[in-house]
Trainee: 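The structure that follows is given in the form of structure tokens.
Residue numbers start from 1 in every chain, and the chains themselves are labelled A, B, ... in the order their sequence lines are given, proteins ahead of strands.
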Amino acid sequence: MVPKFFKNFMRNDPTDNSDSINKEKKSGNLFFNAKEVTDFSSQYGGEETLSYTACNLAGRGSVFPMYGDYTQACVFRTYGEWWDIAPSRKKPFSRTPPSFCSQDYIELLFEQKVHPTKIEIFETFNPGCVVKILACQTSEDTNVDTGHKITRWKTLWEGPPDKAEQRSRSFSPSLKPCDFPTNLIRLELCHKLVNYYTELDSVALHGRTPTEEDKKEADGMTQMVKQMDKLEVKSETESNKKKGDVTIRNVPTEPSDDSPQCDNGYFDKLPEEVIQLILGFLDVLSLCRVACTSRLLYKHSYDSLQYTELNLQPHWPQVNSVALDSLHSRSLFLQRLNLSWCHQNIVTETSFCRYINVCGKNLRDLYLSSCSFVTKASIHQISEACPKLKELDIGSCKMIGKNGFEDISKLKHLERLNLYRTDIRQSEILGIIRSCPNLQHLNLGSVHGVHNMDEVMTALSEHTAHLKSLDLWRNHNVTSAGIHALANCTKLEELDIGWCNNVKSQSQCLIAIIKNCLNLKKLFLTANRTVTDTDLLTLAEYSSLMEQLDILGNRLVNADTAEKVLQKCVNLNFFDVSFCAGIDNYTVQQWKQQFPHVAVKKSFQDRQ
Amino acid sequence: MQGILGRMLYRAFASNVQTEIKTTHQPRDPLRFVTGCSGFSKTLSPGPQCSGLKKLTFGDDSYFIARDKTADVLGVADGVGGWRNYGIDPSAFSSSLMRVCEHLVNHGRFKPQSPANLIQDSYEELLAHKYPLIGGSTACVVALHKAERTIYTANLGDSGFMLIRNGEVVHRSEEQQHYFNTPFQLTVAPPEQEGHVLSDRIEQAAKTSYKVEEGDVLLMGTDGLFDNMHEDMILDYITKYKDRKDAAKESACHIAQKAHDLSLDPDYLSPFSMSALNFGIPITGGKPDDITVLVATVSCDHGL
């Protein structure tokens with residue numbers, strides 16, 4: 001039953017968008033479309049336009065039930081395995097639980113809080129990528145230490161990615177009951193299995209409004225959340241706890257403080273190295289749990305050598321400041337750390353700085369994408385505490401602010417830097433390039449604060465002789481002159497200049513790149529409307545190592561030229577010719593038979 | 001000198017007081033559009049196509065009707081037929097432009113006070129399509145700011161609108177032409193043609209604003225309407241159907257029908273042929289063209 005006051009509220013509120021709220025009269029339930037997209041990890045579209053951006057997931061859908069590649073949909077940056085086999089790929093982390101496969105996430109805010117009963121996700125292209133649905137509980141109370149609202153994330157559903165049938169569908173898996181009302185829903189996606197970008201049209205949240213009883217319960221929950229906040233990484237969702245118990249019981253004897261000389265079963269007979277090796281296969285949570293079982297295993301599982309690589313991304317809902325503090329003593333030899341996706345509400349800037357200060361000495365790789373606690377102070381702390389840092393990923397970190405990036409230039413050994421969707425400015429990126437001569441991988445995708453990107457390109461060609469990969473996705477400020485300058489980076493293996501509208505092929509800049517950078521393995525010329533047959537013929541002649549090529553949205557290239565590329569570039573395994581006016585579906589079908597080792601992509605759109 | 005200044009100050013003060021009294025005494029309900037639409041395609045003309053069709057195009061013409069919390073927005077666009085010679089469907093550009101406008105309004109990505117920016121943003125979105133869209137179009141967008149009770153307009157090219165109050169045109173757009181039958185237009189040219197084809201910037205659009213009242217009628221159309229029907233004929237139709245139940249829909253249908261009939265009349269002295277005569281081109285009769293007519297009556301918004 002909907003309380004009376006809610007009904008009144010819905011009818012009278014003038015700001016109320018009647019499009020986004022509907023009532024199912026029979027059941028007394030409500031359903032909404034998302035009001036706003038509050039956070040996301042990546043998007044295909046540009047920051048200033050609306051086409052193919054994450055924002056499209058808010059509001060009523062406009063594509064469903066049509067199927068195809070539409071501008072009005074929400075599209076993410078990657079799909080398939082192509083990004084994992086490109087020269088810019090990252091080394092995977094050990095101890096990653098096999099069940100964790102999420103690659104992207106998006107968070108949606110709804111008009112009012114309800115107990116979710118059903119969530120409908122309208123998938124309009126390459127469905128099957130949603131692997132997890134979470135609901136957020138925010139309590140009115142704030143954490144005493146941090147001043148942030150206490151938040152808890154509950155998994156409502158999770159499942160493996162699915163290569164579903166190629167048609168649009170409404171995906172609504174059965175949800176676990178949710179004991180709190182929520183208005184913030186998070187979807188996590190894995191695009192590994194799909195053939196092309198997955199596209200989502202809209203999300204509808206069905207639920208019942210909280211009743212008085214629920215409210216009493218919610219107060220009780222707040223207490224629980226408060227307690228949970230004090231627990232360490234060990235605390236996990238209940239189902240996982242049960243699983244954990246089972247493994248714990250496999251250890252023959254329970255440890256007890258009364259008898260310090262307790263029997264550890266066969267573990268006592270094993271050499272220490274073997275125990276260490278066995279523990280090496282456990283994921284982080286299991287490693288923490290196994291410490292509870294016996295003193296012997298406690299000793300080994302708290303050994304700092306077990307913590308040279310720490311991937312906390314899969315456990316982001318549980319990683320809080322207290323957990324991070326508790327890891328201090330174990331992380332003295334830490335070399336690789338992944339804290340991506342950790343929320344500010346859970347991990348704070350100060351606790352991160354404390355942790356990095358203690359554990360940064362040997363750190364080589366630090367991945368912090370979409371972390372809201374990454375601020376100017378955090379960057380400063382990293383630059384002070386991590387002298388050996390080689391890889392830094394701060395993609396989609398939006399809280400760094402003015403002059404926050406300056407200190408990165410103190411990291412002289414930097415080899416990889418991901419600045420995707422950050423607000424870095426020209427002087428800062430120039431400073432970094434000048435002081436980091438070893439830079440090999442640089443991601444400047446969707447960066448808008450740099451006004452003269454050509455100067456940055458010139459700096460790259462002068463200072464970074466080892467540059468292997470460069471991502472300039474959706475950079476409107478790079479022009480043909482910049483690409484000309486870049487041709488001096490002869491070791492370049494990967495170049496993404498997709499949607500760089502001001503790079504014009506008429507200036508011969510692409511030919512210069514192709515002729516100078518003979519190691520080129522991946523070249524994305526997405527939506528560069530000026531690429532001509534001459535460019536592709538030069539590529540067929542010079543780029544014998546080419547593996548991935550994207551010429552989406554081109555009118556000028558004809559099928560014969562593209563076929564030359566397929567014939568000459570024998571290593572080619574990916575070729576995106578979507579929306580190329582000169583290449584029809586029939587030709588693509590023929591190529592698929594003729595060149596079975598190449599994944600020829602041709603996206604489509606049903607005409608409206 | 002002082003006296004004049006004093007009087008001016010007094011006047012300013014007095015007029016301020018006056019408006020204040022006005023606003024307090026008359027509760028000003030927000031306004032909204034009740035819209036009807038009709039049109040004909042030049043090539044396929046089996047019968048009138050009244051509103052309610054999902055396709056939202058008539059030949060190379062296209063239109064949109066969108067609502068937001070703050071404003072109701074209408075727009076028409078006429079695809080430039082010349083692109084057919086390059087093997088390009090002119091309707092693709094105009095309809096995409098209108099669809100994107102609609103999408104932007106639905107997502108609240110616009111300011112009712114500056115419909116020109118809406119057209120500009122929409123144009124930029126077109127460049128962000130994966131499909132390499134080529135073509136050109138005129139564009140006319142009118143946004144009714146509900147609370148301000150004001151229409152804000154932007155017009156580029158020879159489509160247009162007129163605001164009718166008590167059977168008289170109180171405000172109308174001016175058509176913009178480079179030369180005869182060649183309107184201002186937004187263009188995305190193929191790379192090899194860049195700089196060789198006409199392309200106007202949105203800054204050149206005529207931008208106006210006008211206070212509206214309940215009962216006003218806004219009529220929007222493409223050149224297919226204004227080239228075939230004189231102003232007084234249109235006014236007659238608006239007056240005739242003013243008090244019907246579906247006034248907007250009915251008058252739109254009838255005006256479109258009439259414009260279509262006239263466009264095929266070889267002896268009719270149409271506005272188009274009169275304008276041609278002015279340019280020294282002897283043409284008589286109507287101008288067969290795609291016709292789009294949008295009629296919107298301004299009425300009180302009772303929170304619907």
Trainee: Has Lys111(B) got more than 12 heavy atoms of other residues, nucleotides or ligands less than 6.0 Å from its NZ?
Mentor: no
Trainee: Does the side chain of Pro190(B) reach to within under 4.5 Å of the side chain of Arg529(A), using non-hydrogen atoms?
Mentor: no
Trainee: Please flag which part of Leu104(B) lies under 4.5 Å from any non-hydrogen atom of chain A: side chain, backbone, both or neither.
Mentor: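 For Leu104(B), heavy atoms of backbone and side chain both lie under 4.5 Å from chain A.
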Trainee: As an exercise, state the distance from CD of Gln72(A) to CD of Glu102(B), rounded to the nearest 0.5 Å.
Mentor: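 Between Gln72(A) CD and Glu102(B) CD, I get 9.0 Å after rounding to 0.5 Å.
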Trainee: Relative to chain B, which segment of Ser62(A) carries a heavy atom at a distance below 4.5 Å: side chain, backbone, both, or neither?
Mentor: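 Side chain only.
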Trainee: What part of Asn501(A) is in contact with chain B, defined as an atom under 4.5 angstrom from a non-hydrogen atom: side chain, backbone, both or neither?
Mentor: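 Neither part, no heavy atoms under 4.5 Å.
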Trainee: Within this structure, what is the NZ-OG1 distance for the pair Lys130(B) and Thr71(A), rounded to the nearest 0.5 Å?
Mentor: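 If I round to the nearest 0.5 Å, the distance is 9.5 Å.
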Trainee: Between side-chain atoms of residues 43-50 of chain A and protein atoms elsewhere (two or more places apart, or another chain), which donor-acceptor pairs fall under 3.5 Å?
Mentor:
unit_1   : atom_1 : unit_2    : atom_2 : d
Gln43(A) : OE1    : Ala54(A)  : N      : 2.9
Gln43(A) : NE2    : Glu47(A)  : OE2    : 3.0
Tyr44(A) : OH     : Trp499(A) : NE1    : 3.2
Glu47(A) : OE1    : Arg421(A) : NE     : 3.4
Glu47(A) : OE2    : Arg421(A) : NE     : 3.2

Trainee: So what's closer than 4.5 Å to chain A heavy atoms on His129(B): side chain, backbone, both or neither?
Mentor: both
Trainee: Partners of Asp289(B) by salt bridge (Lys or Arg N to Asp or Glu O under 4.0 Å), sequence neighbours excluded?
Mentor: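 Asp289(B): salt bridge (Lys or Arg N to Asp or Glu O under 4.0 Å) contacts with Lys287(B).
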Trainee: Is there side-chain contact between His103(B) and Asn56(A), with at least one heavy-atom pair below 4.5 Å?
Mentor: yes
Trainee: Return the minimal non-hydrogen interatomic distance between Arg555(A) and Ile134(B), and the atom names on each side.
Mentor: CD-CD1, 3.4 Å
Trainee: List the residues meeting salt bridge (Lys or Arg N to Asp or Glu O under 4.0 Å) with Arg474(A), not counting sequence neighbours, and say none if there are none.
Mentor: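 Per chain and number, Arg474(A) pairs via salt bridge (Lys or Arg N to Asp or Glu O under 4.0 Å) with no residue.
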Trainee: Counting only non-hydrogen atoms closer than 4.5 Å, can you tell me which residues of residues 574-583 of chain A sit against chain B?
Mentor: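 Near chain B, by residue number: Phe579(A).
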